[in-house]
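Below is one structure, written out as structure tokens, with a few remarks after it.
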Amino acid sequence: MAARERGHWLASRHRGLEHAPGTGRRAHVSDAAPQGRHPARRYPPWWFQSVAPRHAMTRRIVTEASPMPVTPQDDPYYRIRHSLAHVMAQAVLELFPEGKIAIGPPIENGFYYDFDLPRPLTPDDLTAIEAGMRRIIAKDVPFIYREVSPDEARALFRDQPYKLELIDGLAQGLDEYGETHHGDTVISTYRQDTFEDLCRGPHVERTGQLDPEAFKLTGIAGAYWRGNEKNPQLQRIYGTGWANKAELDHYLFQLEEARRRDHRRLGKELGLFHFSDDIGPGLPLFTPRGEIIRHEMERFVRELQTKYGYSHVWTGNVVKESLYKKSGHYDAYRENMFPPMVESEDLVFRLKPMNCPSHMTLYKEMGIHSYRDLPLRFAEFATLYRYEDSGALHGLTRVRALTQDDCHIFCRPDQIEAEFGLALNLIREVLATYKFGDYRVDLSLRGASGKYIADDEAWDLAEGALRSALDHYGVQYREAPGEAAIYGPKADFIARDVLGREWQLSTIQVDFIQPRRLGLEYIGEDNQPHTPVVLHRAVTGTTERFLGVLIEHFAGAFPLWLAPVQAVIIPITDKQQEYAEQVRRRLAEAGLRVEIDTSRDRMQGKIRRAQLQKIPYMLIIGAKEQEADAVAVRMRSGEDLGAIPVAAFVERALQEVRSRA
RNA sequence: GCCUACGUAGCUCAGUCGGUAGAGCACGUCUUUGGUAAAGACGAGGUCACGGGUUCAAGUCCCGUCGUAGGCUCCA
């Protein structure tokens, strides 16, 4: 059903930009059924994969063609987790002897197994299953390997339809995920105790080698057989498994830390935004404090864009539906647009789900363009509206009203490399300011499939330009064949936050197709009309989503320039009220966001509240400070700077704001 | 959209076998005027998401709707 499958030229054109860059949430290594065609990823046990699969899934917006399986070579926990999956399957079958088993691989942090069971599982079942697993472990039975012929395998699993399907695939040289398998296919099984499973291993030698205190079943979820929504939905049980209890505890602690940083929780605690049933799902409301952060974020990108030679345009929020019929979005994107506003049969409007048709229309309306006028860089911070599936909504990171820091660069083919480099620099500066020091770049290229627009010359030109720009700026990148947009290659910037979770933030895409389709032109040196190239580019992606990421990245403790309240004045007694107001006015006039805590609490209470609100500076004012025209500065870190003259504090704070430190 | 669970005061949560609703924080009033993470007392605050149903009686049981959470799918 997806346009991409129909091979429409627009189908993946917006994968990134028109779709909030980075909202793309593709399968993550730990969750979806492995597809087995990605290179193995190596990681130490305490690296960022230590975040729970469930969290990782919602947080890691990494663009992967398909999830990468954990493989025995690169994961010391493979045997433990794979063995736990088998033990769990045995425990489940002991409870449901008629249950059907599907697949159960090890994943980051643990394992899962998919079942087709006569009734839905409940959390109580998990407890019973865990108990069953411990009994099996206590038996200390061996894992026994054997190879079988396809016919033997079919006989062995005659009551297991999912296994039979796997066996048929194996017999045809496919692996267990239906992918082409390299080398000879050997059908093998592992048996422990009463449970024998189709499996290539490896496993631990005996169940007794599994620590009964080092695993935990973490959740029940629906999952489609082989990840295809047309297939029956199975019940998946997730578990986490480690070498010992200390490791499990460490992992659970990290989960707790991730929960503590959850932007939905912090957004509420810090009073930044709300969702309301009266407004609608996926439509966030920003409080005065939340709006300040949005404003500062946009102001920062706007300032930089201006410095880099971008101009800003405004194309509104409502567009005639007919434009999207011309651009092709109507067919490819209709499902994700809010329903039409019908004035008459010939006059139908839509809320704008992406900027590019509007920007390209503006380009045309502005008259005939000379090659000398290019590049034209149209940036915009308009809010777009997309009717996301209800099940896809998630806090600020997946919303139905999203504000992109979007830009369309109209240029000549020979300008692509320079424009790419310009965008690259801009992105690097922005990410550095937000303290995303660790990021990587995926260069998404054409794959073998036929979904790409055929124009080898244009593709080669675009790819060459991207490569040389990346090389020129010394950016390391990983090639991702088959990940390009249909109309051209792109570069996705994947940043890692302080917890090591990855987020696709920025993206730069090269589009040779849409400008042609919408009839854009410029007059070349040869006095002939030419079609410009359009670069789609986003820096932080969308304000909403990036704010969600920032909240988690900073755990709500924003740097001074972003902090909604930069300083709170804490008078020790009522006698300092007047002086406090005087100080407040001086700071406000200097451009600082400052409040006085006028509550009747004692100083300790006011400090506590300011700490919990993660306000960068607490300015304590008592008789001594009033005497000295000073404030006693306590920082959010707990550090006490002692009494500082008001003017000196203003200077210090302004410097910190200006440098966006 | 699909699977499962959840929805009780502004927030975080308790509420047993069906018998007219509870705590802490926040909020208000009063007392306390304080030196770096919570002073004390009193008070107000709920159509138990919404709509049906069963029952003498529903926060509690059943059905539907909406929303949220964790996954799956999607992400053009």
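Quick note on labels: first sequence line is chain A, next is B, and so on, each numbered from 1.
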Whole-Å [atom1] distance, [N] and [M]:
N: B:G67; M: B:U29; atom1: P; value: 39 Å
N: B:U16; M: B:U12; atom1: C1'; value: 22 Å
N: B:A9; M: B:A5; atom1: C1'; value: 24 Å
N: B:U8; M: B:U4; atom1: C1'; value: 22 Å
N: B:G15; M: B:G22; atom1: P; value: 15 Å
N: B:A26; M: B:C11; atom1: P; value: 15 Å
N: B:G7; M: B:U60; atom1: P; value: 11 Å
N: B:U54; M: B:C63; atom1: P; value: 15 Å

Compare side-chain N and O positions of [X] against OP1 and OP2 of [N] and report whether any pair is under 4.0 Å apart.
X: A:Y238; N: B:C72; value: yes
X: A:R265; N: B:U12; value: no
X: A:H394; N: B:G70; value: yes
X: A:T573; N: B:G34; value: no
X: A:K575; N: B:G34; value: no
X: A:R398; N: B:U73; value: no

Can you check the [X] [atom1] to [N] [atom2] distance for me, whole Å?
X: A:M618; N: B:G35; atom1: CE; atom2: P; result: 17 Å
X: A:D278; N: B:C66; atom1: CG; atom2: P; result: 16 Å
X: A:L393; N: B:A69; atom1: CG; atom2: C1'; result: 12 Å
X: A:L234; N: B:C2; atom1: CG; atom2: C1'; result: 12 Å
X: A:R609; N: B:A39; atom1: CZ; atom2: P; result: 10 Å
X: A:N228; N: B:C2; atom1: CG; atom2: P; result: 16 Å
X: A:K230; N: B:C2; atom1: NZ; atom2: C1'; result: 13 Å
X: A:I220; N: B:A69; atom1: CD1; atom2: C1'; result: 14 Å

Which of these nucleotides, [options], is closest to any side-chain atom of [X]?
X: A:D389; options: B:G1, B:U33, B:C72; value: B:G1
X: A:D277; options: B:U36, B:C72, B:G67; value: B:G67
X: A:S390; options: B:G35, B:G1, B:G70; value: B:G1
X: A:Q233; options: B:A37, B:C3, B:A39; value: B:C3

On RNA chain B, more 5' by nearest nucleotide between A:K268 and A:G280 is A:K268

Return whichever of A:I572 or A:P281 has its heavy-atom-nearest nucleotide of RNA chain B closer to the 5' end.
A:I572

Please classify the nucleic acid contact of [X] as base, sugar-phosphate, or nothing, using heavy-atom distances under 4.0 Å.
X: A:A610; answer: nothing
X: A:G622; answer: base
X: A:A623; answer: base

Check if the side chain of [X] and the base of [N] share a donor-acceptor pair of N or O atoms closer than 3.5 Å.
X: A:R634; N: B:A37; result: yes
X: A:Y224; N: B:G1; result: yes
X: A:E625; N: B:G35; result: yes

Please check: side-chain N/O of A:D389 versus main-chain N/O of A:A392, any donor-acceptor pairing under 3.5 Å?
no

Is A:R537 reaching over with its side chain to a backbone N or O of A:D405, donor-acceptor style, under 3.5 angstrom?
yes

Under 3.5 Å side-chain donor-acceptor pair for [X] and [Y]:
X: A:Y617; Y: A:R652; result: yes
X: A:Y224; Y: A:R226; result: no
X: A:T240; Y: A:N109; result: no
X: A:W225; Y: A:E165; result: yes
X: A:Q613; Y: A:R289; result: yes

Going by salt bridge (Lys or Arg N to Asp or Glu O under 4.0 Å), name the pairs with one or both residues in residues 571-584 of chain A, residues two or more places apart or in two chains.
A:E581-A:R584, A:E581-A:R585

So the stems of RNA chain B, runs of at least three Watson-Crick or G-U pairs (under 3.5 Å), are B:1-7 with B:66-72, B:10-13 with B:22-25, B:27-31 with B:39-43, B:49-53 with B:61-65

Can you tell if the side chain of A:H274 reaches within under 4.5 Å of the side chain of A:T287, non-hydrogen atoms only?
yes

Side-chain ion pair, A:K352 and A:E380, N-O less than 4.0 Å
yes

